[in-house]
Amino acid sequence: MSGLDDVALVVVSYGSSGLLAANLPRTVGDSGVRVVVVDSFSDAGERAAVTRLAAEQGWELLTPATNVGFGGGSNLGAAHALAAGSRVLVFLNPDAWTDPAGLAALASAARSGERMLVAPGSCGPTARSTPAVSPTCTARTAP
């Protein structure tokens with residue numbers, strides 16, 4: 001057990017296949033975390049690109065027929081992840097990333113209470129806030 005076996009990373013995508021390709025692999029690494037991508041429909045070409053990427057990366061893909069928005073997509077992804085046995089849900093925008101250690105820190109903080117909401121801060125030279133959870137934030141620089 002990797003310590004992240006009960007975690008699902010839920011990402012809602014809208015025309016974001018390039019951002020998914022750039023940010024999800026470095027966030028997940030070889031952690032074994034369940035990745036649930038909800039492709040909120042933008043167009044057929046983007047749907048095909050996200051479908052290919054999800055298959056290549058082993059991500060679970062939900063494909064609603066319409067643009068369900070961030071809230072609707074988050075709810076779909078959460079319901080899917082919980083039904084599959086995940087106990088900790090981490091939501092991430094396609095243009096954001098952390099690393100597996102940051103993901104593990106978020107999951108650990110979320111497990112520290114019966115019902116817990118954990119939010120990371122931003123870090124790097126252009127950040128406007130400080131890290132709330134991730135111990136790796138101060139050690140890395142912006143890409």
Side-chain angles (χ1 to χ4, degrees), residues 2-137 140-143:
S2 73
L4 293 175
D5 293 341
D6 64 340
V7 176
L9 179 63
V10 178
V11 182
V12 179
S13 175
Y14 178 80
S16 301
S17 61
L19 291 170
L20 295 175
N23 294 323
L24 282 185
R26 65 179 164 172
T27 294
V28 174
D30 62 358
S31 66
V33 70
R34 175 187 306 275
V35 176
V36 179
V37 174
V38 181
D39 182 44
S40 202
F41 189 79
S42 59
D43 63 51
E46 182 65 20
R47 173 62 54 89
V50 172
T51 299
R52 275 190 308 275
L53 184 60
E56 290 168 1
Q57 296 292 327
W59 303 333
E60 298 171 24
L61 179 63
L62 305 180
T63 56
T66 63
N67 175 5
V68 294
F70 180 76
S74 294
N75 288 337
L76 285 172
H80 175 85
L82 291 170
S86 295
R87 297 178 41 92
V88 176
L89 305 179
V90 176
F91 295 88
L92 188 70
N93 286 342
D95 63 343
W97 65 277
T98 183
D99 56 28
L103 194 57
L106 287 168
S108 178
R111 288 189 195 99
S112 67
E114 185 175 322
R115 294 197 180 266
M116 182 70 64
L117 173 65
V118 179
S122 299
C123 60
T126 61
R128 291 185 292 264
S129 64
T130 57
V133 175
S134 177
T136 60
C137 190
R140 80 174 169 236
T141 58

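- Atom CD of Glu46 sits about 9.5 Å away from atom OG1 of Thr51, to the nearest 0.5 Å.
- Contact record, Ser13 with Val37: CB-CG1, 4.3 Å, taken as the closest heavy-atom pair.
- Tested against Val50, the residues Ser17, Ser42, Pro94 include a single side chain to side chain contact (heavy atoms under 4.5 Å, CB included) partner, Ser17.
- Proximity of Asn93 to Phe70: side-chain heavy atoms (C-beta onward) are separated by under 4.5 Å at one or more points.
- Listed for the Ser86 side chain is no donor-acceptor partner under 3.5 Å among the backbone atoms of Leu82.
- Looking at Pro64 and Val38, their side chains come closer than 4.5 Å, going by heavy atoms from C-beta outward.
- Trp59 and Pro25 get closest at one heavy-atom pair: CZ2-CD, 4.1 Å.
- By the 4.5 Å heavy-atom criterion applied to side chains, Val35 and Gln57 are not counted as neighbours.
- Side-chain contact between Leu62 and Val36 is present, with heavy atoms from C-beta onward closer than 4.5 Å.
- Under the 3.5 Å distance criterion, the side-chain polar atoms of Thr27 are matched with a main-chain donor or acceptor of Asn23.
- Of the candidates Val7, Asp5, Val90, Asp6, Val7 is the only one forming a side chain to side chain contact (heavy atoms under 4.5 Å, CB included) with Val33.
- A distance-only check finds a donor-acceptor pair linking the side chain of Asp99 to the backbone of Ala101 [under 3.5 Å].
- Distance CG/Leu89 to CG/Leu106: 12.5 Å, rounded to 0.5 Å.
- Applying the salt bridge (charged side-chain N to carboxylate O under 4.0 Å, His left out) rule to pairs touching residues 53-75 yields Arg34-Glu60, sequence neighbours excluded.
- For Ser16 (side chain) and Tyr14 (main-chain N/O), a donor-acceptor pair under 3.5 Å exists by modelled atom type.
- Between Asn67 and Ser40, the side chains place a donor N or O and an acceptor N or O closer than 3.5 Å (distance only, hydrogens not considered).
- Contact detail for Thr98 and Leu103: the closest heavy-atom pair is CG2-N, 3.9 Å.
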